[in-house]
Novice: 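Take this structure, written in structure tokens, and hold onto it; I'll ask about it next.
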Amino acid sequence: MTVARPGSNELQPPASGHDIELHNVTLRFPRPDGKGTLPVYENFTLDIERGSFTVLLGPSGCGKSTLLNLIDGLLTPTSADSVKVLGRDVRTDPDVTRHTAYVFQSARLLKWKTLRGNVEFGLKGLGVQPRERWDELMKKYFGIVGLTDFTKYYPHQVSGGMQQRAAIVRAWVNEPQILLMDEPFSHLDEITAAELRRELITLWSRDEQRRTVVFVTHDISEAVQLGSRIIMLTPRPAEICFEQIVDLPWPRTDADERSFEIEKRLRLVFAERAGVKA
Amino acid sequence: MTLLRAMGPLRRPGAGVAGRSRLSGMLRLGLGLVPITVLVFLYQQLAVSKSRPRIFPQVGDVWDAFYEILIGHGELGSSYDQIMVTSLRIVSAFAISFVIGIVIGVAAGRNKLVFSFVENLVWVFMAVPSVVWVYIMIVGLGLNPVVPPLAVAATVMPQFIVLVAEGAKSVPDDLGEMARSYKTSTWQRFTELFLPYLVPYIIAASRTSFATAVKIMLVAEVIGTPSGIGFEVSYWDGKLFMGPVIAWGITMLLMGLLVDNFIFSPIERRVSGWKSKPIDAAETMGAVI
Ligand SMILES: Nc1ncnc2c1ncn2[C@@H]1O[C@H](COP(=O)(O)OP(=O)(O)O)[C@@H](O)[C@H]1O
Ligand SMILES: [Mg+2]
């Protein structure tokens with residue numbers, strides 16, 4: 001099995017320029033008590049441009065994780081005009097999600113495998129060829145996140161920050177076009193989280209052809225620190241209630257006047273629109 | 001290095017644990033011997049006071065009977081033949097419950113339909129005493145040598161199924177989701193996620209099942225066959241000689257202990273090696289931090 005590498009024809013951005021296209025997506029979960037359904041999305045539409053760092057900001061339980069699962073093909077919508085990744089619908093063309101990689105809220109490492117073994121688990125699953133490239137890829141990305149000396153450790157032997165770094169390596173190592181990140185730093189202490197945010201931005205901006213990142217958070221200042229575009233969602237059924245392009249260079253800090261302004265505005269809107277519905 | 005400062009303290013549960021557990025192992029053994037010694041001593045006092053050596057054999061009499069077993073003597077043929085016969089029966093009973101237990105346990109743990117189908121059956125099997133199985137099977141199969149292993153397997157299997165199903169049910173969904181997200185094949189998920197997760201449950205199930213099998217095989221043999229350790233026990237019991245009865249009981253106990261210590265324990269240590277892996281890179285860490 002061969003998997004197209006970035007730069008091959010297959011990965012040319014779709015004519016629309018949008019790596020992800022969700023059109024009129026409706027998703028309703030059956031309620032646990034069996035009475036009716038829980039509408040999470042009703043006719044939801046969102047396009048995400050290639051190379052953007054899009055942050056989805058929303059109150060917890062509004063459906064952010066669900067959205068990433070839809071994009072990654074882990075969930076099928078109740079109905080939708082399109083759920084497209086790189087111009088191809090994931091429902092009819094599930095293989096296209098080989099170009100997406102997912103970093104979860106918790107590291108989700110296999111505790112009986114070393115950090116290296118966990119990264120290999122992903123490489124093997126994705127069928128990355130040739131196998132000889134694995135070493136070179138792993139060396140590169142373990143190095144970037146500072147785990148070079150820890151690849152033989154088991155997850156329980158390293159800190160939570162290092163576990164999440166390993167999860168980032170597992171996602172990034174195949175150099176996928178699209179990265180889905182679901183509150184990846186929310187379980188970490190603030191200092192570690194800040195450090196990892198910096199590393200993430202460094203990792204992302206290294207590439208001339210930037211990858212498309214969809215980053216989920218409920219933390220407004222994290223959103224402002226990272227996003228090139230911030231999309232705010234309302235509680236269920238989730239709708240886009242506010243959008244903000246953040247045209248500031250990285251790394252950003254709270255001390256910066258302009259990001260502070262943006263953060264303030266977002267906080268106002270968030271309190272007004274995205275707060276819990278009465 | 002700023003990168004490393006943010007990583008927080010390294011946890012090193014592996015280091016030192018190996019040494020400590022060896023020490024406490026010795027200690028445990030020593031402590032375990034105390035109540036046994038006390039019991040043996042009290043029994044000896046009782047036996048001496050009764051002075052009826054056939055029904056209350058003294059410790060020395062039991063040892064003599066045990067020595068006979070050790071050197072292979074026996075009124076009913078070589079004691080090693082009996083041990084062999086019984087061991088084979090235990091192993092086949094165990095093998096049957098192992099294979100069927102894993103297959104049904106996994107199926108029940110992964111599939112709600114299978115679970116509800118198997119659930120009541122398991123309860124029924126659990127409730128039926130092994131003795132009853134022996135009688136039922138003797139009615140069906142006559143005094144057949146397959147009766148004891150089958151009866152023991154029927155008794156042991158339910159707990160095997162329950163333990164394995166418990167494990168199969170508890171495989172975390174989020175790991176499965178991660179694996180699907182990385183497009184792993186069903187085979188890779190089975191061998192690298194499902195099975196490693198399940199192995200500790202299978203080992204736990206094997207240990208308890210084997211111990212139970214050893215215990216109840218005696219009962220099954222006493223009723224159901226003219227050979228094996230159970231037959232020896234019923235023979236000596238019939239002659240009102242308790243020395244050999246106790247000695248055979250001890251033999252069986254030792255067989256169980258040997259298997260647990262020299263087969264199950266090493267396997268368990270091997271497969272859960274990652275838990276106590278000492279960190280050889282300790283010096284590296286010192287250098288980096
Ligand atoms: N598999 C599921 N079955 C039923 N309901 C679900 C399922 N997954 C999520 N939900 C519900 O959908 C809503 C959105 O969940 P989620 O996407 O996890 O929210 P968040 O924005 O916090 O990530 C929640 O109310 C949750 O209870
Ligand atoms: Mg979530």
Side-chain angles (χ1 to χ4, degrees), chain A residues 1 3 68-69 72-75 94-95 97-98 100-102 104-114 117-118 120-127 145-162 165 167 170-171 174 180 188-189 191-196 198-199, chain B residues 1-17 171-201 203 268 270-289:
Chain A
M1 191 183 340
V3 170
L68 295 189
N69 289 345
D72 203 32
L74 296 172
L75 264 179
D95 244 22
T97 56
R98 282 176 193 280
T100 63
Y102 207 143
F104 304 91
Q105 195 164 0
S106 61
R108 299 198 190 179
L109 300 173
L110 304 177
K111 54 186 197 278
W112 49 87
K113 283 180 183 288
T114 60
N118 270 285
E120 283 174 338
F121 181 82
L123 285 167
K124 182 170 168 192
L126 290 168
V145 302
L147 284 181
T148 303
D149 293 329
F150 301 93
T151 58
K152 285 188 185 143
Y153 282 52
Y154 287 85
H156 73 280
Q157 295 171 317
V158 302
S159 67
M162 290 164 85
R165 281 186 169 86
R170 182 177 61 194
N174 182 37
L180 309 172
L188 306 175
D189 63 273
I191 297 175
T192 311
E195 184 65 44
L196 273 159
R198 257 193 302 282
E199 282 175 32
Chain B
M1 301 209 29
T2 55
L3 266 186
L4 284 153
R5 212 175 305 132
M7 291 189 298
L10 279 164
R11 287 179 231 139
R12 298 185 49 198
V17 165
V171 175
D173 285 340
D174 60 348
L175 290 183
E177 199 178 64
M178 179 278 293
R180 278 194 297 136
S181 167
Y182 284 92
K183 306 290 172 282
T184 49
S185 62
T186 313
W187 179 246
Q188 190 187 353
R189 282 203 290 278
F190 182 73
T191 55
E192 295 184 41
L193 198 167
F194 194 69
L195 222 54
Y197 186 88
L198 214 56
V199 161
Y201 291 89
I203 291 177
E268 179 164 36
R270 222 190 112 88
V271 294
S272 60
W274 57 268
K275 276 185 193 155
S276 56
K277 254 305 184 281
I279 299 174
D280 55 346
E283 320 83 63
T284 333
M285 277 156 41
V288 183
I289 298 172

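Because the structure is predicted, anything quoted here is derived from the model rather than measured. Quick note on labels: first sequence line is chain A, next is B, and so on, each numbered from 1. Hydrogens, waters and symmetry mates play no part in the numbers below; they use all other heavy atoms, side chains included.
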Novice: Which atoms of A:R198 come close to chain B, meaning under 4.5 Å heavy atom to heavy atom: side chain ones, backbone ones, both, or neither?
Specialist: neither
Novice: Is chain A contacted by the side chain of B:S181, its backbone, both, or neither, given a heavy-atom distance below 4.5 Å?
Specialist: both
Novice: At what distance, to the nearest 0.5 angstrom, does OH of B:Y182 lie from OG1 of A:T100?
Specialist: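 B:Y182 atom OH to A:T100 atom OG1 measures 9.0 Å (nearest 0.5 Å).
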Novice: If the contact rule is any heavy atom under 4.5 Å from chain A, which residues of residues 191-199 of chain B qualify, in numerical order?
Specialist: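 Under the 4.5 Å heavy-atom cut-off, B:E192, B:L193, B:P196, B:Y197 qualify.
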Novice: Taking side chain to side chain donor-acceptor pair (under 3.5 Å) as the definition, give me every residue that meets it alongside A:Y102, ordered by chain and number, with sequence neighbours left out.
Specialist: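 A:Y102 satisfies side chain to side chain donor-acceptor pair (under 3.5 Å) with A:N69 only.
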Novice: Taking every non-hydrogen pair under 4.5 Å, which of A:G73, A:P94, A:A171 racks up the most with chain B?
Specialist: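 Top option by heavy-atom pairs under 4.5 Å: A:A171.
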Novice: If I measure from the heavy atoms of chain B, does A:K113 come under 4.5 Å with its side chain, its backbone, both, or neither?
Specialist: side chain
Novice: Indicate the atoms forming the closest heavy-atom contact of B:D174 with A:R108, along with that distance.
Specialist: O-NH1, 3.1 Å
Novice: Output, in order, the C-alpha distance, side-chain angles, deciding distance and verdict of side chain to side chain contact (heavy atoms under 4.5 Å, CB included) for B:K183 and A:T97.
Specialist: CA-CA 8 Å; B:K183 306 290 172 282; A:T97 56; 2.6 Å; yes
Novice: Please classify the contact between A:T114 and chain B as side chain, backbone, both or neither, with a heavy-atom cut-off of under 4.5 Å.
Specialist: neither
Novice: Output the distance between atom CG (A:D72) and atom CZ (B:R180), rounded to the nearest 0.5 Å.
Specialist: 9.5 Å
Novice: Using heavy-atom distances under 4.5 Å, tell me whether A:L109 contacts chain B through its side chain, its backbone, both, or neither.
Specialist: backbone
